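This structure is a prediction, so every number in the text was calculated from the model and none was measured. Numbers restart at 1 for each chain; the letters A, B, ... are given by sequence-line order, proteins then strands.
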Protein chains: 2
Amino acid sequence: MAGLRERKKEQTQRRIAAVALRLFAERGFDTVTINEIAEAAEVAKVTLFKYFPTKESLVLRGVGEEDLAGIVAVRPPGQSPLEALRAHYRAFAADPAVAVDRDALITQLRVIFDSPALSSGANDRLYGQRQALARVLAEERDGLTAALMAAQITASVLTIQETFFRRLVAGASLEEAGRRLAEDVELAFDLLEHGINR
Amino acid sequence: MAGLRERKKEQTQRRIAAVALRLFAERGFDTVTINEIAEAAEVAKVTLFKYFPTKESLVLRGVGEEDLAGIVAVRPPGQSPLEALRAHYRAFAADPAVAVDRDALITQLRVIFDSPALSSGANDRLYGQRQALARVLAEERDGLTAALMAAQITASVLTIQETFFRRLVAGASLEEAGRRLAEDVELAFDLLEHGINR
DNA sequence: TTCAAAAGCAAACCGAGTTCATATTTTGTG
DNA sequence: CACAAAATATGAACTCGGTTTGCTTTTGAA
């Protein structure tokens with residue numbers, strides 16, 4: 001069951017996203033119209049919105065889909081939530097398998113950083129993460145502490161991610177960026193673990 | 001210079017906001033139309049948008065305008081940023097001079113909590129705060145540490161604020177909510193200062 | 001009383017997203 | 001291969017938030 005239908009759908013979706021990204025990169029997120037994208041991708045507007053629910057989602061694919069709550073939920077017994085998350089990001093920094101197409105990723109990041117709407121849209125996506133994480137953490141401690149931990153953790157993760165991405169956009173190689181990310185991860189989790197003392 | 005003009009403007013603005021809040025409370029943020037609000041407030045749509053730049057801003061007046069960066073910037077010498085902020089929220093908890101009209105505040109909060117768009121809009125407003133705070137903190141430490149501190153602090157502040165507001169909406173008196181807020185402030189800042197150890 | 005500036009307004013416009021009715025394509029089955 | 005059912009694509013019209021334009025009314029000060 002190779003599925004001609006499936007293949008065509010995937011292909012269409014990729015074409016739309018690629019066309020959109022190109023136009024956004026050329027002329028900025030706000031000045032490109034959904035109609036233009038649909039026309040350039042040779043689909044009807046209605047079809048475009050069947051693949052991507054919003055204009056933002058054309059750019060924010062895969063952003064903020066980390067499942068921090070899941071990582072904490074399945075950690076081995078005896079390991080603290082913070083240890084589990086630290087290990088996860090350590091592993092990622094050691095091998096940042098970040099995307100198939102590095103150039104496309106950088107273009108995507110540039111477009112996001114250039115548009116306040118997209119930046120705060122990316123920010124938004126952590127909001128659900130935060131609540132899910134708080135729910136998992138609340139199984140072992142009181143609700144407010146869980147909420148505060150979740151808030152601090154998601155905010156920290158967002159910060160080091162953004163730093164990592166900015167280095168890539170600034171031209172760092174994947175190896176270089178990964179090496180510096182490894183340092184940042186330790187700093188961030190040390191700060192979470194031991195607090196702000198200065 | 002009493003200013004008839006000024007008085008009328010203020011009055012119109014208040015009328016629009018009040019009408020909007022009432023309609024939102026009755027029927028939900030999403031199902032009320034800007035045209036309906038304008039009509040009910042007896043102004044033209046264009047006039048409404050002269051007073052409130054967006055539909056969201058009809059509800060989110062005064063939300064997320066805390067100026068954390070300012071509090072840190074003007075703290076007395078020798079005091080740490082965290083001490084300054086803790087003192088600020090301690091003082092607020094001791095005397096939560098929260099609004100002239102308690103009922104209106106609670107209605108406003110209910111409307112916000114009921115609408116995901118408004119909740120994340122409120123969230124968004126902390127984003128600028130975060131960056132401003134990071135800039136101030138970066139004067140005395142490296143950029144990433146400053147960014148991480150700012151992220152943790154704003155996230156924590158948002159969390160205790162939300163807890164406070166939810167208690168008010170749930171029916172707590174201002175005194176009761178203030179008392180519990182005082183405890184929460186200590187917990188939140190202890191966590192920030194000493195880290196997550198469990 | 002006069003007059004410029006401020007405020008208000010109606011109507012047309014724009015772009016994101018939806019609805020609907022219709023047309024086309026794919027697929028599974030006989 | 002034929003063909004009907006199901007999935008997908010489409011154009012046109014629509015809704016709603018927000019803007020632009022060109023005009024009238026109100027206000028405050030000279």
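With salt bridges taken as basic N to acidic carboxylate O contacts below 4.0 Å, none links Glu39(B) and Lys45(B). Using a cut-off of 4.0 Å between Lys/Arg side-chain N and Asp/Glu carboxylate O, Arg179(A) and Glu175(A) are scored as not salt-bridged. A salt bridge does not link Asp95(B) with Arg90(B): none of the charged nitrogens is closer than 4.0 Å to a carboxylate oxygen.
Summarising the geometry, the separation between CZ on Arg7(B) and P on dA7(C) is reported as 15 Å, rounded to the nearest angstrom. Taking atom CD on Glu39(A) and atom P on dA9(D), their separation rounds to 18 Å, with Å as the unit. Rounded to whole angstrom, the span from the CD atom of Glu42(A) across to the C1' atom of dT10(D) amounts to 14 Å. One atom, CG of Leu48(A), and another, P of dT8(D), lie 16 Å apart when rounded to the nearest Å. Rounded to whole Å, atom C1' of dT25(C) lies 14 Å from atom CD of Glu6(A). What separates CD of Glu10(A) from P of dT8(D) is a distance of 13 Å, to the nearest Å. Between the NZ atom of Lys50(A) and the C1' atom of dA16(C) there is a distance of 17 Å, given to the nearest Å. Atom CD1 in Ile16(A) sits roughly 15 Å away from atom P in dA16(C) (whole-Å rounding).
For the OP1/OP2 pair of dG8(C) and a distance below 4.0 Å, the side-chain nitrogens and oxygens of Tyr51(B) include at least one atom meeting the criterion. Listed pair Lys8(B) / dT26(D) fails the phosphate criterion, with no side-chain N or O lying under 4.0 Å from OP1 or OP2.
Arg75(A) places a side-chain N or O within 3.5 Å of a backbone atom of Val72(A) that can act as its donor or acceptor partner.
Residues meeting the side chain to side chain donor-acceptor pair (under 3.5 Å) test with Ser120(A), sequence neighbours left out: Asp124(B).
By the criterion of side-chain heavy atoms lying less than 4.5 angstrom apart, applied directly or through intervening Ile, Leu, Val, Met, Phe, Trp or Tyr residues, Leu118(A) is not grouped with Leu105(A); the two fall into different hydrophobic clusters.
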> Tell me, for nucleotides 14-23 of chain D in 5' to 3' order, what letter each nucleotide earns: B for a base near a protein heavy atom under 4.0 Å, S for only sugar-phosphate near one, - for neither?
Replying inline: --SSBBB---

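A donor and an acceptor atom, one from each side chain of Glu66(A) and Tyr89(A), are located under 3.5 Å apart.
Across all strands, Phe52(B) comes closer than 4.0 Å to no nucleic acid atom at all (heavy-atom distances).
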